[in-house]
Amino acid sequence: RNAFACVHYNSHMTADSEMEIKEAFNRAQKGHNNKAKLVAVLKNRYNTLEDKTLFHEKFIHYLKYAMIVYKREPAVENVIEFVAKFASSFQSSSKNDKEGEQQQEEEEEDEEEEDDHPFLTFIFNFLLEVHMLVVVVDPAQVTQSMTSNIFVCVSPVMPSIQLLTPHTHSNCSPPHAAYMLILDNDSNAEVRRAVLSCIAMSPITLVKVLKRTRDVKESVRKLAYQVLADKVHVKALSIAQRVTLLEEGLHDTSEAVREAVKTRLLPSWLKHLDGDVVLLLPRLDVENCSETALEVLKAIFTNMPEEEMLKDRVKLIPGDALSCENVIYWRALCEFVRAKGDEGEEMLEKILPDAATYADYLQGFVRTVPVLSEAQRAEFNSLEMAMRKEFISQQLIHLVGCLDTNEEGGRKRVLAVLQELLCRPQTPASLVSLLTEKLLSLIPDDNRRIQMVAEIISDVREPIAEAGPPLDEAQDRRRQIKLAEVKVRILEARQALDDCIAAQEFSNAAQFKDSITELENQRNLVLQEAAEGSQPVDREVRTEKSDPDTLLRCLTMCAELLKQMNIKTRIGPTLSAIVSSLIVPCIANAHPAVRNMAVVCLGTSALHSKELAKAHMVLLLQIAQLDEVKIRISALRSIIDLLLLFSFQLLSEKPVTQATPASHSPGGQEEEEPTEEKGDLAGDTAQSILQLLSEFLDGEVSDLRTETAQGLAKLMYMDRFSSAKMFSRLVLLWYNPVTEGDTSLRHCLGVFFQLYARESRAHQEVVGESFLPTVRTLMNAPATSPLAEVDPSNVVELLVELTRPGTLIKPSANHEVCVHDSMALRVCGEILKDQTAPEVRLYAKTLNNLEVSANEGTRQELHALLLEVVKDRISLRAVEKVIDRLVDSKEQAEQHTETALQPLDINADGQKKTPAPKSGRKGSRRAESSEESDGENVPESLPRARPSRRAKTAALERYKLDLNPLIDQEANTS
C-alpha cells in the first residue's frame, strides 16, 4: 500500500509539474509577463521535487520548440531569455552556497571547487548532444564545438547566458574563443557589434577585431574603430596594421566610419604620444607610405587650432635638421593651408618663404644628394642615407606647387633652378619626373613647354664640351728652348749688322738685315704657339651620350611633357624630331627600363597624331607579344588607348565614313566596291586585334590577363566593338576559379557588367546573345577544367538580371521586342534540339524567370513552342508556370481590348457611364467569364500530359460566376 501511494504521489506531482512547465513556457512567450516571477514559481516547484529527471525531460521537450526556429522571432527570444534566467538562477544559488561553505570552513585554504548544479549539467549535456550530431574527429575540435554550440545556438546578446557558459563545464574553451567564432560566423550585425563591445583585447582577439574593420555593415566597422581607439595602444599594432587601418578607414565609403577614424582613433593615438604629431609619423613609415601620412596629417589639421599648427614653425628648416618626418609635416601643412584659398595666404607666408629664396634653398639641398658608386650601394648605411635624402628632396620639390609664383622675378628664378637641376648629370633619376612636372606647371603654353623640354633634352643628351689638345709639358719645354735659340741668333745677327755698317760693308749689312727679319718672324711664330697653348680654349663641341641613364632621363622628361600636353595639341616639327631621333631608336635598346619608357612615349605621342598611330600600331602589337611582361603591358595600354580614341578603323587606308556614297555617283556599282574592300580591311584588322587580345585572356600571366580584360571592357562600354562571344569570354573569366585571387580583375568586370547592360538596349541584346554560348561552355566543360566547378545556375541568374527591361537607365519609348522574348525563343529552340539533355531543367527554370513582353506574335510563337519542349516531370512544372503566365497575360490583353472597344452606356440623365475598373488578375478573369457566359470565347484546354494543380484551379476559376458586379449594379440602380 505504501509503495502504491508513493507511485500515486509521484505521478500526481509529475502531472502537476508538467502542467506548470507548459504554462510557464506559454506565458514566457509574451513580453509583458514578468519573467522573474515565472522563474521563481518554476524554481520553487523544481526544489520540491525529489526525482528531477522527469522535470528535466519535460523542460527540454518544451525548449526544443523554440530551438528549431532559426529566425529572430520575439516569442522565441522571450523563451530563450526565460530559459537563460532560469538557468542562471541555479548558478547564483550554487555560488551563494559555495560562499556559505567557505565561511564555515575558513581554516581550509585549498578547497576543491564544487560540482555544478545538476540542472546546469543537464542543460550542457543536452546542448552538447545536439551539437555532436555533426561528426567531429579532432579532440581539440570537440572543445571548440562545445563552446560554439553554447554561444551560437543561444544569442550572445543575453548576458545571463554569457555568465552561464564559462562555468558550465571545466573543459570548455575560454569565452574569447567563442567570441572570435561568433565574429567570424554570425550573420547578424547586431550580434557582431555586441561581441565587439565586450570582447577583451589580446594578441589573438586583436586580429579578429582588425578584420571587423572590413565588415560589410557600416555600424560594425565604426564600432570596430572605436574599440581599437579605446582598448588598443598604438604601440600594440605593427606599422603595417597602423597603415592599413588608416588607409582603409580614411577611404571608407561611409562618412560615419571616416569620422570615427578622424575623431576617435587618431586623437587616441596622439594621446598615447603626448599629442606630438611628429612622433606619430615614424610609426607610419612615411618613406614608403607618404600618401597615407599626408592624409592622416590633413585629417589631424582639420581639428587642430591655428596656434598649435604654427607652434615652433619656421619658414626654412636648416638642411642638417631636415628629416623625413618634419619635411612631410611641412609639406602637409603648406598644402592644407594653401587649400583654404585666400583665407590661408597670410598663414602661408608664415611657414613658407618667397619663391626666389626657396628656389636657392631647394637647389642647395638637391646638390647635397650623393651619387653612389657600385661599392657604396653595397653598403647599407650609405644606401640608406642616399635614399633618405632623395625622399626629402622629393617632398621639397612638391612644395614648389605651394609657392607664390605670380611675381615675375621669383617665377624666373624657380624656372632657372628647375632647368639647371634637370640638366645636372648628378641629379638622381628618381627626381627627374617630379622636376619636369613642376617645371611644366609653371609654363601654361604648350609650345613653350615643348621648346623648353627640347632644349633640356638636347643639353642632357649632347652636353657642351671644350675642344683643344691637352697641355704637354715636354712640348712646352721644347718651344721655350727654340725661342731662346732664336733670340740668341737675333742678337748675333744684329751685332754683325752693326759691325758691317761701321766697316761700310753695305752689301753684307743687307744680308744680315734680311736674316734678322727672318729670325724675328720665327720668334713671333714660337711666341704665338706658346700663347695659344697657355690660353684657355673657348671653342665648344657637343658630344652625344647614349648610355642607359642618359636615355632614361630624356625619355622620362618626354613622357611627362606628352602627359601634360593638351590632347588636341598636334605633333609639330620639334616633337617629330624627338620621336624620330630619340623615342623610336630606344625601342630596340638592350636595357628593359629604356625600352619600357620608349614604348610609353611612343604610345602617348601617337595619341596626338593619327598618322603617327597608323605608322607605329603594328610595332606596338609586336611588342605586346614578344617583349618582357612589363613592356608588354605598357604596349597593351597604348594599343587600348589608341583604339579608344581612333577606333578600329585606325589601320585602314581611309575611314569608311569618308567614302563617297554610291547614290551620288552615276556608276554607283563601280564605286561601291572600294568602300566594301576598305570595310573588309577594317573588319579583318579588328578581328586580328581581337584575336590577339583573346589569346592574352587565355595566357598564364595574371597581370597581362587583367590588363587585357580591363581594356576589352573599356572598348565594349565605349561601343568601339560589339561581340557576344567576347562578352561570354569575360563572364566565364569572371566566374573562373583561376581568377579568384585577382581582386582587381573581379572588381573591374563586376562593375563593367552592371554599367554595360544598363547603358542601352543594344548592350542588353549583346548580353542576351551571349547567354547560350556561355551556358554551353559551362555544361560542356571537362572535369579537369576549372569551369567545371562553376554553378551554371548562378551564371544564368546573372545574365537574366542584366537583361531585365527595368534595369535600363533610359528605357526605350518605342514598344520594341523585349530582350527576354528573344532569349525565351532561343532557349526553346535549344531545348527542342535534345529534350533529354541534362541542361533542359536549367533551361526550363530560366524560362520561368524571364519577363516575356505582351507582344501578341511573340506570345503565340512562344506558347506553341512551349507545348512541345519538355517531357521531363520537373522541367514540365516550370514550363507549365510559363504557359499559365502567358495565358493570363493573353486574357488580360483581350479584356483590355474589349473594354477599350465597348460602347458607352448612356444613363437616363444623359451622363456617360464607364465600366467599373477591375483590379487584380483574378477579378479580371471573373468579370470576363460573367460577360462571356455563353462559352464561345472560353480557351480550349491545353493538351498537357499531366496538368498541374495550379492549372486546374485556374480552369475552375475561369468558369465560376461572380455575382458581386451584378449585386453592385443592382444597388446602384436602386
Side-chain angles (χ1 to χ4, degrees), residues 360 363-364 366-368 370-371 373-375 409 412-413 415-427 451-551 553-554 557 573-574 576-578 580-582 585:
D360 296 334
Q363 184 183 31
V366 174
R367 285 182 175 180
T368 62
V371 179
S373 62
E374 294 297 332
K412 286 185 177 180
R413 180 56 185 163
L415 285 173
V417 169
L418 294 177
Q419 187 175 1
E420 189 271 334
L421 292 176
L422 285 172
C423 295
R424 185 171 175 267
Q426 292 78 16
T427 302
Q451 188 65 31
M452 176 71 75
V453 173
E455 293 177 359
I456 297 175
I457 290 176
S458 177
D459 293 340
V460 171
R461 195 179 182 194
E462 298 179 356
I464 299 175
E466 297 178 352
L471 183 62
D472 190 355
E473 296 181 359
Q475 185 178 2
D476 184 55
R477 179 65 177 170
R478 288 194 297 270
R479 188 183 300 113
Q480 292 178 0
I481 295 173
K482 185 178 181 180
L483 180 62
E485 291 178 354
V486 172
K487 288 181 178 180
V488 171
R489 292 174 61 185
I490 290 175
L491 291 175
E492 292 177 350
R494 285 180 178 177
Q495 184 64 35
L497 177 62
D498 294 338
D499 294 341
C500 290
I501 292 174
Q504 295 184 358
E505 296 177 357
F506 296 106
S507 59
N508 294 334
Q511 294 178 359
F512 282 115
K513 187 176 181 180
D514 294 337
S515 64
I516 290 172
T517 304
E518 183 179 356
L519 290 173
E520 286 180 352
N521 292 335
Q522 293 180 5
R523 183 190 62 181
N524 294 335
L525 183 61
V526 173
L527 289 175
Q528 184 178 357
E529 292 178 358
E532 291 179 357
S534 60
Q535 289 182 357
V537 180
D538 56 357
R539 189 160 55 92
E540 298 178 353
V541 177
R542 291 183 177 271
T543 57
E544 184 177 352
K545 299 172 65 176
S546 59
D547 58 287
D549 293 338
T550 302
L551 295 177
R553 285 170 178 271
C554 298
M557 288 186 281
T574 305
S576 298
I578 293 176
S580 59
S581 62
L582 176 65

Exam field: side chain Arg461 to backbone Ile456, donor-acceptor pair closer than 3.5 Å
no

Using only atom types and a distance under 3.5 Å, with no angle test, would you say the side chain of Thr427 pairs donor to acceptor with the backbone of Cys423?
no

Any non-hydrogen side-chain atom of Asn508 less than 4.5 Å from a side-chain atom of Leu497?
no

Under a 3.5 Å threshold, yes or no: a donor from one side chain and an acceptor from the other, between Thr550 and Asp547?
yes

Between atom CD of Gln495 and atom CD1 of Ile490, what is the distance when rounded to the nearest 0.5 Å?
14.5 Å

How many angstroms lie between CD1 in Ile578 and CD1 in Ile457, if you round to the nearest 0.5 Å?
4.5 Å

Write down the atom of Leu519, the atom of Ala493, and the distance for their closest heavy-atom approach.
CD1-CB, 4.4 Å

Could you tell me whether a side-chain N or O of Ser458 sits under 3.5 Å from a main-chain N or O of Ala454, the two making a donor and an acceptor?
no

Salt bridge check: are Glu520 and Arg494 linked by an N-O gap of less than 4.0 Å?
yes

Quick one: CD on Gln522 to CG on Leu527, what's the gap to the nearest 0.5 Å?
12.0 Å

Does CZ in Arg489 sit with more than 12 non-hydrogen atoms of other residues, nucleotides or ligands closer than 6.0 Å?
no

Might you point out which heavy atoms bring Ser546 and Leu551 nearest each other, and give the distance in Å?
O-CD1, 3.6 Å

Just so I know, are the side chains of Glu420 and Arg367 near enough to count as touching, which here means a heavy-atom distance under 4.5 Å?
yes

If you draw a 6.0 Å radius around CD in Gln426, do more than 12 non-hydrogen atoms from other residues or ligands fall strictly inside?
yes

Does either side chain, that of Gln528 or that of Arg523, offer a donor lying less than 3.5 Å from an acceptor on the other one?
no

Distance (rounded to the nearest 0.5 Å) between Glu485 CD and Lys482 NZ
9.0 Å

Applying side-chain contact (heavy atoms from CB on, under 4.5 Å), run through Asp499 and Glu505 and close with a yes or a no.
CA-CA 9 Å; Asp499 294 341; Glu505 296 177 357; over 6 Å; no

Using every non-hydrogen atom in the two residues, find where Met557 and Val453 come nearest and quote the distance to one decimal.
O-CG1, 4.1 Å

Any side-chain heavy-atom pair from Ile481 and Arg478 closer than 4.5 angstrom?
no

Does any part of the side chain of Arg413, heavy atoms only, come nearer than 4.5 Å to the side chain of Gln363, both counted from C-beta?
yes

How close do Val460 and Lys545 get, heavy atom to heavy atom, and via which atoms?
O-CD, 4.0 Å

